[in-house]
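Attaching a single structure in structure tokens format; questions to follow.
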Amino acid sequence: IADVDKEHLAKEIKSSDPMLSEVLFTNANQDGCRGMKSLLPKALRLIEHSNRYHRSGNPEKSILIIGIPNVGKSTVINRLRNTHMQIGGRAAAVGAKPGITRAVQEKIRVSNNPLTYLMDTPGISK
């Protein structure tokens, strides 16, 4: 999608839900994707500036990854882990067919500073 089209689409998405503050376009299969590089820093910033975040004594952050079936949730987790932790391999199983992830998985560490975990989920459909 061209940058102009992304801007237009992001404005449309935000206008449909006033609670949305960020829209990111990502491609976890593309090295150097700007959306993937900005995903974790933006998520952490949103958490830290949230009214609900201010809990004492627990500096770690846990983020639940949700979406429709077979859109690349596990691939995003693996890419973030590989990028921020410089750890190869796959922490979350991936496959070409829907249904690889069947239940909420254990926390997968994707950053040490700040300590951040992601949790993979099966696809959600209507």
Side-chain angles (χ1 to χ4, degrees):
I1 300 177
D3 285 341
V4 175
D5 294 336
K6 287 179 183 178
E7 289 177 28
H8 180 332
L9 185 56
K11 285 179 184 177
E12 249 185 71
I13 292 169
K14 285 182 185 179
S15 70
S16 71
D17 186 344
M19 295 299 293
L20 290 176
S21 61
E22 298 281 343
V23 175
L24 296 175
F25 296 90
T26 63
N27 182 346
N29 292 316
Q30 177 187 5
D31 286 330
C33 173
R34 287 184 299 173
M36 284 302 301
K37 287 181 179 180
S38 66
L39 184 62
L40 190 58
K42 283 189 180 196
L44 293 173
R45 189 184 78 241
L46 288 169
I47 291 169
E48 289 169 359
H49 291 94
S50 166
N51 293 333
R52 298 184 65 194
Y53 172 68
H54 304 287
R55 293 180 253 162
S56 62
N58 191 1
E60 77 179 40
K61 294 152 183 72
S62 296
I63 302 169
L64 188 67
I65 304 296
I66 61 172
I68 61 174
N70 218 38
V71 294
K73 296 177 295 294
S74 301
T75 301
V76 166
I77 290 171
N78 289 330
R79 175 64 76 168
L80 290 172
R81 180 176 178 262
N82 295 346
T83 300
H84 294 280
M85 302 276 300
Q86 284 81 43
I87 298 174
R90 294 179 178 165
V94 297
K97 294 183 180 180
I100 299 296
T101 306
R102 297 190 180 279
V104 175
Q105 305 297 305
E106 294 200 19
K107 297 192 300 187
I108 298 169
R109 186 171 40 159
V110 295
S111 176
N112 285 326
N113 188 20
L115 187 56
T116 307
Y117 296 92
L118 298 181
M119 290 175 283
D120 199 5
T121 62
I124 298 171
S125 55
K126 291 184 179 184

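Just so you know, residue 1 is the first one in the sequence shown, and it goes up from there. Quantities reported herein were computed from a predicted structural model and do not represent experimental measurements.
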Minimum heavy-atom distance between Lys73 and Gly123, given as atom pair plus value: NZ-CA, 3.7 Å
Are Val76 and Ile63 co-members of a hydrophobic cluster defined by side-chain heavy atoms under 4.5 Å apart? yes
If I take atom NE2 from residue His84 and atom CG from residue Asn113, how far apart are they, to the nearest 0.5 angstrom? 12.0 Å
Is there a path of hydrophobic side-chain contacts, each under 4.5 Å between heavy atoms of I, L, V, M, F, W or Y residues, that connects Ile100 with Ile124? no
If I take atom OG from residue Ser21 and atom NZ from residue Lys42, how far apart are they, to the nearest 0.5 angstrom? 9.0 Å
Counting C-beta onward and ignoring hydrogens, is there a side-chain heavy-atom pair between Lys61 and Tyr117 closer than 4.5 Å? no
Just one of Ile108, Thr121, Thr101, Leu118 clears the side chain to side chain contact (heavy atoms under 4.5 Å, CB included) bar with Ser74, so which one? Thr101
CZ of Arg45: more than 12 outside heavy atoms within 6.0 angstrom? yes
Assigning hydrophobic clusters by single linkage (Ile, Leu, Val, Met, Phe, Trp, Tyr; side-chain heavy-atom cutoff under 4.5 Å), is Ile68 placed with Ile66? no
Could you tell me whether a side-chain N or O of Arg79 sits under 3.5 Å from a main-chain N or O of Ala28, the two making a donor and an acceptor? yes
I want to check something: taking the side chain as every heavy atom from C-beta on, are Leu44 and Thr116 in contact at a cut-off of under 4.5 Å? yes
Please check if atom NZ in Lys11 has more than 12 non-hydrogen atoms from other residues, nucleotides or ligands closer than 6.0 Å. no
Closest non-hydrogen contact found for Gly32 with Lys37 is CA-CE, 3.8 Å
Got a second to check how far Thr75's OG1 is from Arg90's CZ, nearest 0.5 Å? 7.0 Å
Same cluster (ILVMFWY, side-chain, under 4.5 Å), Leu9 and Leu20: yes
Ser15 and Glu12: which non-hydrogen atoms are nearest, and at how many Å? OG-O, 2.8 Å
Between Asn82 and Gly89, what is the shortest heavy-atom contact and its length? OD1-O, 3.4 Å
Count the heavy atoms of every other residue, nucleotide or ligand shown that sit under 6.0 Å from CG of Leu24, and state whether that count exceeds 12. yes
A side-chain contact here means heavy atoms from C-beta on lying under 4.5 Å apart; do Lys107 and Glu60 qualify? yes
Please tell me if the side chains of Arg109 and Met85 come closer than 4.5 Å, counting only heavy atoms from C-beta onward. yes
So which atom in Ala91 and which in Asn78 form the shortest heavy-atom distance, rounded to 0.1 Å? N-OD1, 3.0 Å
Give me the atom names and distance for the closest heavy-atom approach of Leu46 to Glu22. CD1-CG, 3.9 Å
Taking C-beta and beyond as the side chain, do Met36 and Leu80 meet within less than 4.5 Å on heavy atoms? yes
Donor-acceptor pair, side chain of Asn70 and main chain of Ala96, under 3.5 angstrom: yes
